[in-house]
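Okay, so here's the structure we're looking at.
Letters A, B, ... are given to chains in the order of the sequence lines, protein chains preceding strands, and every chain is numbered from 1.
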Amino acid sequence: MRTARIVEVEAYLGGRDPASHAYRGPTPRTAPMFGPPGRSYVYFVYGMYHCLNVVTESDGVAGAVLLRGAEPLAGFEAVEPSALAGPGKLARGFGLTTEHTNLDLVRSILTIRDAPTVPTWRVARSVRVGLNEHATTNKPWRLYVRGSSGVSRT
DNA sequence: CGAATGATCCGA
DNA sequence: CGGATCATTCGA
């Protein structure tokens, strides 16, 4: 089993967030974002990368958190500490594809477990990265563990 | 149908 | 900064 510690995330909302895939209403691809919380939303971009999100809002309300970086803990054979630093690399490291969208993250082959609380002083905030200017909100909706090797380069 | 585009990454 | 590379989405 492969395990890793999540160290970088970004929040995406629904109708009020122009950067969100849910901005213009549900589509077959984004349906999980409008579903019940605690499930996965995996999408394919740039013809070669997958990204993993955790659906967060109640059923019928769009909202998700993009997992952008993690530190490998176990199950990864001889990988660099930065192997999961970045949303595309994280999904690839876990072998995720669109087959893994809409999975129950509490009980399925893909789960998220509780972990020791990260001290507030280790958490940094910033604006989200990788968005086109038109969609940027300039809200500090990216959170990451300061100094972690699992944080994507920006 | 065709065309545009993107919540990325890497290398120069 | 540009290229890789293609599913998804939107307009005609």
Proximal nucleotide (of B:dC10, C:dT9, B:dA7) relative to the A:Tyr41 side chain
B:dA7

When you compare the side chain of A:Trp141 with that of A:Asp17, does any pair of heavy atoms fall below 4.5 Å?
yes

Identify whether any heavy atom of A:Tyr12 sits under 4.0 Å from a base atom; if not, whether one sits that close to sugar-phosphate; answer base, sugar-phosphate or nothing.
base

Nearest-Å distance for atom pair CZ/P, residues A:Arg142 and B:dT8:
11 Å

Within the stacking criterion (centroid distance below 5.5 Å, interplanar angle below 30°), does A:Tyr49 stack on B:dT8?
no

Rounded to the nearest angstrom, tell me the gap between atom CD in A:Glu10 and atom C1' in B:dG6.
14 Å

Please examine the side chains of A:Arg142 and A:Ser152, heavy atoms only from C-beta on, and report whether any two atoms are closer than 4.5 Å.
yes

For A:Arg24 and C:dC10, is the shortest distance between a side-chain N/O and OP1 or OP2 below 4.0 Å?
no

For atom P, what is the distance between B:dG2 and C:dT5, given to the nearest Å?
22 Å

When the ring planes of A:His50 and A:Phe44 are compared, do they come out parallel, tilted or perpendicular, using 30° and 60° as the limits?
tilted

Could you state the atom-to-atom distance from CG of A:Leu84 to C1' of B:dT8 in whole Å?
15 Å

B:dA7 base / A:Tyr43 side chain donor-acceptor hit below 3.5 Å
yes

Can you tell me how far P of B:dA7 sits from CZ of A:Arg128, to the nearest Å?
10 Å

Does OP1 or OP2 of B:dG6 have a side-chain N or O of A:Asn132 closer than 4.0 Å?
yes

Quick one: does A:Val55's side chain get under 4.5 Å of A:Pro36's, heavy atoms only?
no

Would you indicate what A:Gly88 reaches in the nucleic acid, counting non-hydrogen atoms under 4.0 angstrom: base, sugar-phosphate, or nothing?
sugar-phosphate

Measure from the side-chain heavy atoms of A:Tyr46 and tell me the nearest of B:dA7, C:dC6, B:dT8.
B:dT8

Quickly work out the A:Met33 CE to C:dT8 P distance and round it to whole Å.
16 Å

Reckon A:Leu131 touches a base, only the sugar-phosphate, or nothing at all at heavy-atom distances under 4.0 Å?
sugar-phosphate

At less than 4.0 Å, is any side-chain N or O atom of A:Arg153 found next to OP1 or OP2 of B:dC9? Yes or no.
no

Under 3.5 Å for both distances, Watson-Crick or G-U wobble, that's the pair rule; now give the dot-bracket for DNA chain C, with | marking pairs to another strand and [ ] for crossing ones.
||||.||||||.

Distance-only side-chain donor-acceptor flag, A:Thr101 / A:Thr98, under 3.5 Å
no

B:dT5 P sits how many Å from A:Phe44 CZ, rounded?
19 Å

Within the structure shown, what part of the strands sits under 4.0 Å from A:Asn53 by heavy-atom distance: base, sugar-phosphate, or nothing?
base

Nearest-0.5 Å distance, CD1 of residue A:Ile112 to CD1 of residue A:Ile6:
4.5 Å

Interatomic distance, A:His50 NE2 vs C:dT8 C1' [rounded to whole Å]
13 Å

Among A:Val42, A:Leu103, A:Asp104, which residue meets the side-chain contact (heavy atoms from CB on, under 4.5 Å) test with A:Leu110?
A:Leu103

Please determine whether a side-chain nitrogen or oxygen atom of A:Thr27 lies at a distance below 4.0 Å from atom OP1 or OP2 of C:dT8.
no

Does A:Arg128 make a cation-pi contact with A:Tyr12 (under 6.0 Å, within 45 degrees of the axis)?
yes

Given atom NE2 of A:His21 and atom P of C:dA7, what is their separation to the nearest angstrom?
16 Å

